[in-house]
Every structure is written in structure tokens, then in C-alpha cells.
Amino acid sequence: MRNLVTLVVLLTLGAVCNFVVLPGLATNFRNVFAAPGLPMEQFFNEGPPTLFRVFWFCNVGAVLAWVYRTWQRRAASAARVARMRGYWWITASLLLAAGVVCSAFTIWIPFPQVSLMGEVLLLALLLVDEALFFWLPTVLASPRSYRLAAPGAQIFQKT
Amino acid sequence: MKLFAIGVGGSGAKCLEATIHLHTIGLLDREGSPPTELGVLFVEPDRQSALLQRARTALIRTQSLRKALDGVTQRFCHGGGLTDYGVWNPVESVAGQGSLTMAQIYTKQTLAHTSPALGGLMDCLFTQEEQKLDLREGFRGRPPIGSALMSAIELEDHQTWVRFLGDVRQAAKGGQDVYIHMFGSVFGGTGASGVPTVGRLLRNWLKEEQIQSTALNASLLLPYFHFKSHGAEDTGLHAEASNFHLNTSAALQYLSQDGASPFDRVYLLGSDAKVAYDFSIGGTSQANGAHLVELLATLGPQHSFGKTEQDAAAYTLSRDSQGSVNWNDLPDSASTQSALSRGARLAVVWRNNIALDLEAADGQSLRSFSVGAPWATRFYNSSGEEVKTLGSRNDKDVRFAANQWAETLLTWLRQLCSSTGGALEQKLLDPAKLAVQQRHLASLDGLVYDSDRATTGKRATDVEDLKIKLDDRRARGFNPQGTGGLLDTLWELCNQP
């Protein structure tokens with residue numbers, strides 16, 4: 001139950017962050033994105049907001065897939081549980097790839113003028129997004145048997 | 001409190017095997033008292049007896065476990081020592097390593113010349129075959145042979161008995177509650193001759209020592225098995241199932257005579273539904289599985305604790321249902337069920353799950369292993385030399401000892417729950433769930449009949465749930481460390497599945 005509450009809270013925070021905070025944050029870096037021929041108003045209305053919304057759904061999908069998998073899978077053996085770390089890395093990599101594909105369709109193709117630094121900044125924000133709304137939920141909301149399956153989960157180890 | 005248990009013959013050895021297991025799982029302890037100390041002595045003329053070897057294996061493995069856990073655990077195997085007084089061989093104590101026959105004991109050759117009448121009497125009492133039987137192979141179901149041999153023995157002439165009696169004397173004179181309990185069958189050869197005879201010798205010794213506070217009790221096994229087949233013509237002298245009732249009748253008649261029984265309390269255990277064992281003349285081929293009757297016999301000492309002469313009463317055991325045995329049929333059923341279920345759960349979870357995890361972790365660091373086993377972080381350090389390998393040398397010793405002990409207990413429980421005999425159905429533990437296996441057990445569901453699922457629900461019998469509780473335990477103030485601490489915590493958790 002506690003895991004479920006944690007999951008709902010984190011996904012709700014993720015929604016707020018992706019729908020409001022991150023697009024707003026990108027707006028604060030106007031100069032970084034600025035490039036000759038880039039329609040700034042149109043870009044900040046359509047580009048980053050769409051990217052973060054779509055990526056939020058990708059995050060939700062990945063987290064729910066992880067939670068479903070770990071809830072379904074009986075953890076009788078330590079080796080079986082440990083193998084889920086590989087599954088975690090695959091999911092995280094696919095999520096990142098999905099972020100890159102989203103960037104292509106929402107930023108690079110419609111707004112090819114965006115500066116290189118702007119693209120790097122967006123990718124960095126996607127990574128932060130993934131860390132907060134995929135890694136953190138998998139660390140804090142995984143079933144007890146899988147609580148150390150996500151990399152770096154030892155940071156939250158109770159003593 | 002001290003319990004000195006003596007097993008006479010093959011059935012006696014099987015009862016001691018059961019006693020050792022019950023002692024480990026705490027069933028011989030009295031509520032509110034310190035754990036019972038147990039000393040065991042085997043009386044067996046047949047050194048090759050498979051039953052003796054099996055009981056000795058259980059004893060050695062349990063001692064190894066206790067040694068490995070000494071000072072580590074707070075609950076499991078904590079206190080209540082286990083002392084091995086060894087095997088006393090009545091034949092070897094008379095004849096040394098050489099062969100011994102009845103004719104040699106009674107100097108038949110000389111007797112025939114010096115007193116032909118006595119020689120003739122001996123021929124009347126014992127057949128030529130019996131007189132020439134090599135007694136090193138046991139008494140082959142002939143109580144008179146064993147009685148003749150054992151009644152000629154002085155206990156205090158033998159080192160094994162000197163140590164045993166010395167400890168009884170010390171404990172009794174030190175003001176401890178001391179119980180001597182003998183186990184043996186009265187329908188075979190060794191037990192039927194040895195229990196009354198050795199019992200009489202012990203009673204005489206207690207009188208000579210003026211030790212009145214020590215209770216001398218016995219669990220006597222009446223026929224509860226027969227043989228699937230008979231010996232061949234060239235088998236020689238051998239125990240025959242057809243003689244079991246005759247031997248029993250003679251032994252009980254002797255014990256029921258006024259003043260003949262040396263015992264304060266006698267527990268008579270048998271079964272109308274007899275299990276069929278493979279025929280054997282003894283030695284390594286006599287590998288009868290453990291039986292429920294032996295468990296009942298072993299509950300005798302527990303029943304006798306704290307009883308005085310004023311508590312004299314005749315109790316009877318019976319079954320609820322003609323066709324089956326369930327937990328309600330056992331004496332003190334609630335605590336017996338609780339202890340046996342707990343022991344079975346611990347052994348199954350340990351051997352078929354936790355130990356497999358630990359085995360797979362060999363060569364791994366704690367950091368790596370804990371990815372799949374978060375509970376490990378509660379018991380093992382991640383500092384010093386243990387960073388690169390899980391657990392210390394001592395942890396590995398505990399793991400090995402616990403594995404061996406768990407396998408022995410599981411084998412015993414499995415036999416116990418498989419060999420009720422006849423059409424009698426056993427509804428205590430599921431033998432299929434007690435098998436030692438190399439793949440991880442996921443659930444304890446169905447292990448204990450009429451218990452786990454009904455009272456706790458399916459989820460609570462999952463081993464995963466048990467591991468989650470392991471992970472929780474230390475956070476609540478417990479701080480058991482290493483493999484010993486893990487075993488101790490698991491023991492605590494197995495009380496409540």
C-alpha cells in the first residue's frame with residue numbers, strides 16, 4: 001500500500017513537473033535555444049511542452065511496466081531478483097531512446113534551427129526527467145523484494 | 001533440568017534420533033525453565049546397525065550445528081547442551097573385539113564336564129544354533145540370549161557407564177531435576193532383553209548411591225512393524241515377526257510382576273496398523289525408516305517432566321479417526337504441532353531456499369548479492385575483509401552445519417510422515433514438501449496439514465514474504481549478525497508462517 005501511495009505521489013509530481021515546471025524552465029533559457037530563423041514564440045509554445053508531455057507518458061509507461069513485472073514475479077530466489085537489474089537497464093535505455101525519438105519528432109524535425117547547446121540542454125533535461133520519474137519511483141515504489149534491484153538504490157538503504 | 005536418554009537396540013537408537021531432533025526444536029523444554037540438557041547413550045551389540053549409524057549421524061550433525069552456533073544465537077539452539085556418551089556394546093565389553101557366543105560366556109565345554117546337569121539345562125534352554133550364534137551381530141530377536149549376557153554385567157566396570165553415571169550423580173547431588181529415560185522395543189531381541197536388565201542395574205545403582213530424586217522412566221515399544229518377507233532357510237537365526245507378540249507378552253509379564261519393574265513410569269507405544277519393512281537380519285541392511293510410534297515414545301520424557309509419584313495415573317492414547325492420524329492425536333497436541341511445524345518450516349526454508357541463495361553467493365560481494373537479496377544487508381557487514389566475499393569463515397561453517405542438520409531433520413520428518421503403515425493415512429506434514437531439492441522453494445503452502453492455509457492465508461506462506469520479514473526484523477531493534485543470526489531470526493519467524 002505504501003508503495004502504491006509513493007508511486008501515485010511521484011507520478012503526480014511528475015505530471016506537474018512535465019506539464020508546467022520543465023516547459024517553464026526551458027523558457028528561462030531562451031538565449032541557449034536562440035538561433036537565426038527560429039520562431040521563438042512558436043518553439044516555446046509547441047516544442048519543449050510537447051516533448052515533456054510525451055516523455056511523461058513514456059515514463060509512466062516504463063514505471064508501470066516495471067511495477068507490473070515486479071509485482072507479478074515471485075521472488076523466491078535471489079538470483080531471479082538480481083536478474084531484474086538487467087531488465088531495469090533495458091527499460092531505462094529504451095526510455096532514453098524514446099526520449100531521443102520524441103526529441104526528433106518534436107524539436108529537431110519541426111525546428112531544425114535550434115542551437116546545438118539548446119539540443120544538449122533538452123537532452124540533459126530529459127535525463128533529469130528520467131532520473132526523477134523513472135529511477136526514483138523504481139527505487140522508492142518497488143516491492144520489498146526488489147527494493148535494491150534498481151541501480152543506486154543502496155543510497156536509500158535503511159540502517 | 002537434565003535428561004539422560006538411553007536407547008537400547010535398533011528401535012532404541014531410532015527413539016534417540018527422534019529425541020535429538022525434538023531437543024533441537026525445543027520440544028523437550030519446560031515452559032518457564034531453562035532449556036533441558038540432554039545426554040544420550042546408545043546400547044547396541046551390532047556395531048554395523050544402520051539404525052545406530054543414522055542416529056549417530058543425527059547426533060554428530062546436531063552437535064556440529066550447536067558448536068557452530070555457540071554464543072551466536074539467542075533463541076535457536078541456545079543453551080540446553082547435548083552430550084554424547086557414545087555407544088556401549090555389551091558384547092564387546094565382555095569379549096573385546098573377538099567373537100562371542102553363548103557357549104563361550106557360560107563355558108559350555110567345561111560345564112559339560114564339571115556339571116553335566118547344568119550343561120544339559122543349558123541345552124534345554126538354548127538351541128545349538130543359539131549357543132553358537134556370534135553375538136557381535138546382535139541378538140537376532142532372541143531376548144533370552146541378550147538377558148543372559150547383560151545380566152552378567154557390572155555397569156561401573158565400563159568406562160562409558162562410569163562417565164554416564166558420574167554425570168547423573170553430579171547432577172542429582174547438585175540439586176538439579178534429573179530424568180533417566182530408556183527407550184527400546186520389547187518385541188525384538190536387544191531391546192526386550194536390554195531395557196529391563198539395564199533398567200534393573202540402574203535402579204540398583206540409584207539405590208546404592210542413595211539418589212532418590214532421579215526419575216527412572218522408560219518408553220517401551222510394542223509391535224508396530226512387521227517384515228515384508230521371511231528369511232531364507234540359509235539365513236541362520238533371525239528375528240521373525242511371528243515371535244514379536246510372544247516376546248512382547250513375556251516382557252510385559254515380567255514388568256507387571258510386583259516389584260519387577262525398575263521404572264517409575266512406563267510408556268507403552270504400539271500400533272494396530274503395522275508398517276511393513278524389508279526383511280533384514282541386522283547390520284547395514286536394516287534401514288527402517290523413522291515411525292510415528294517412535295515420536296510418541298519420545299514424547300514420553302516430556303510428559304514425565306515435573307510429575308511426582310502422587311501424579312500416578314494411567315493414560316491412554318487413541319486416534320480421533322480410525323483411518324488417519326492428525327495433530328489432535330498427539331499428546332499435548334498444540335505445543336507438539338507448533339514445535340514440529342516450526343522445525344519443519346525452518347529446515348525446508350533453510351535447505352531449499354536460503355542455503356541455495358547463500359551457496360550461489362559464494363565469491364560475490366555483499367553489494368552484488370544484496371541486489372537480489374536485500375535481507376542480506378541486515379545480517380552481513382560490508383566493511384573490512386568481507387567486502388569482497390559474503391560472510392566470514394565462521395559464517396561458512398555455520399552454513400555447512402545448518403545444511404547438514406536441515407537435511408537430517410528433513411529426512412527424519414519425511415520418513416516419519418511416510419511410514420504409518422497399513423491403510424492409515426497420515427495428516428501431519430506433507431512428505432512431498434519435505435524433500436531436499438536443488439531448486440528454490442517458493443511456498444510453504446500445504447507443508448503442515450490443517451494449519452498454514454487455514455490460519456494464515458496463502459500469501460503468508462510464501463517464502464518471499466518470509467524474506468521480506470527477515471529484511472524488516474533488524475530495523476525493529478533486533479541485531480543478529482552473520483549466518484547464525486540469520487538462522488536465529490528465521491527460527492523466530494518460522495513460529496508464525
Side-chain angles (χ1 to χ4, degrees), chain A residues 1-7 10 62-95 130-131 134-159, chain B residues 348-383 387 390-391 437-445 458-459 461-479 486:
Chain A
M1 189 62 193
R2 198 177 64 183
N3 291 352
L4 195 64
V5 171
T6 309
L7 187 67
L10 287 172
V63 168
L64 291 181
W66 170 265
V67 169
Y68 176 78
R69 190 82 193 265
T70 49
W71 273 106
Q72 286 294 310
R73 204 174 154 92
R74 297 180 92 180
S77 124
R80 193 175 157 89
V81 175
R83 277 198 290 275
M84 284 302 283
R85 177 165 281 192
Y87 177 81
W88 189 95
W89 277 114
I90 291 170
T91 311
S93 304
L94 287 176
L95 187 58
E130 184 170 341
F134 174 70
W135 175 75
L136 201 59
T138 56
V139 166
L140 298 180
S142 289
R144 286 299 303 271
S145 303
Y146 292 89
R147 71 180 179 86
L148 298 182
Q154 280 90 346
I155 296 167
F156 296 88
Q157 172 84 32
K158 281 187 288 184
T159 53
Chain B
V348 167
V349 169
W350 180 267
R351 181 58 190 82
N352 293 341
N353 193 300
I354 304 284
L356 297 177
D357 277 349
L358 294 176
E359 199 176 306
D362 268 343
Q364 281 188 51
S365 65
L366 173 62
R367 193 178 176 81
S368 164
F369 179 57
S370 64
V371 169
W375 48 266
T377 58
R378 307 293 182 199
F379 300 96
Y380 297 98
N381 287 322
S382 55
S383 59
V387 170
L390 187 75
Q437 55 188 42
Q438 287 307 316
R439 61 188 171 80
H440 282 74
L441 176 89
S443 171
L444 293 171
D445 188 33
K458 198 166 186 310
R459 174 75 190 168
T461 59
D462 279 355
V463 177
E464 181 184 359
D465 196 59
L466 211 55
K467 286 179 168 179
I468 290 171
K469 286 178 183 164
L470 272 180
D471 197 13
D472 278 340
R473 273 292 152 127
R474 198 177 141 217
R476 291 182 190 166
F478 292 93
N479 191 23
L486 172 61

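All values derive from a computational prediction rather than experimental measurement. The chains referred to below are lettered A, B, ... by the order of the sequence lines, with proteins before strands, and numbering in each begins at 1.
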Under 4.5 Å, heavy atom to heavy atom, which residues of residues 80-87 of chain A contact chain B?
A:Val81, A:Ala82, A:Arg85
Quick one: does A:Tyr146's side chain get under 4.5 Å of A:Trp71's, heavy atoms only?
no
Residues in side-chain contact (heavy atoms from CB on, under 4.5 Å) contact with B:Ala360, at least two apart in sequence or another chain:
none
Let me see the working for A:Ile155 and A:Val139 under side chain to side chain contact (heavy atoms under 4.5 Å, CB included), right down to the final yes or no.
CA-CA 9 Å; A:Ile155 296 167; A:Val139 166; over 6 Å; no
Does A:Arg147 reach the side chain of B:Asp471, with side-chain heavy atoms less than 4.5 Å apart?
yes
By ring-ring contact (aromatic ring centres under 6.0 Å, His included), which residues pair with B:Phe369, not counting sequence neighbours?
B:Trp375
Taking side chain as everything from C-beta outward and backbone as N, CA, C, O, which of these in B:Ile354 sits under 4.5 Å from a heavy atom of chain A? Side chain, backbone, both or neither.
neither
Quick one: of A:Pro151, A:Ala149, A:Ser145, A:Ala150, who has the most non-hydrogen atom pairs under 4.5 Å with chain B?
A:Ser145
4.5 Å side-chain heavy-atom contact, B:Leu486 and B:Trp350
yes
Strictly by salt bridge (charged side-chain N to carboxylate O under 4.0 Å, His left out), give each pair with a member in residues 348-360 of chain B just once, sequence neighbours left out.
B:Arg351-B:Glu407, B:Asp357-B:Lys467
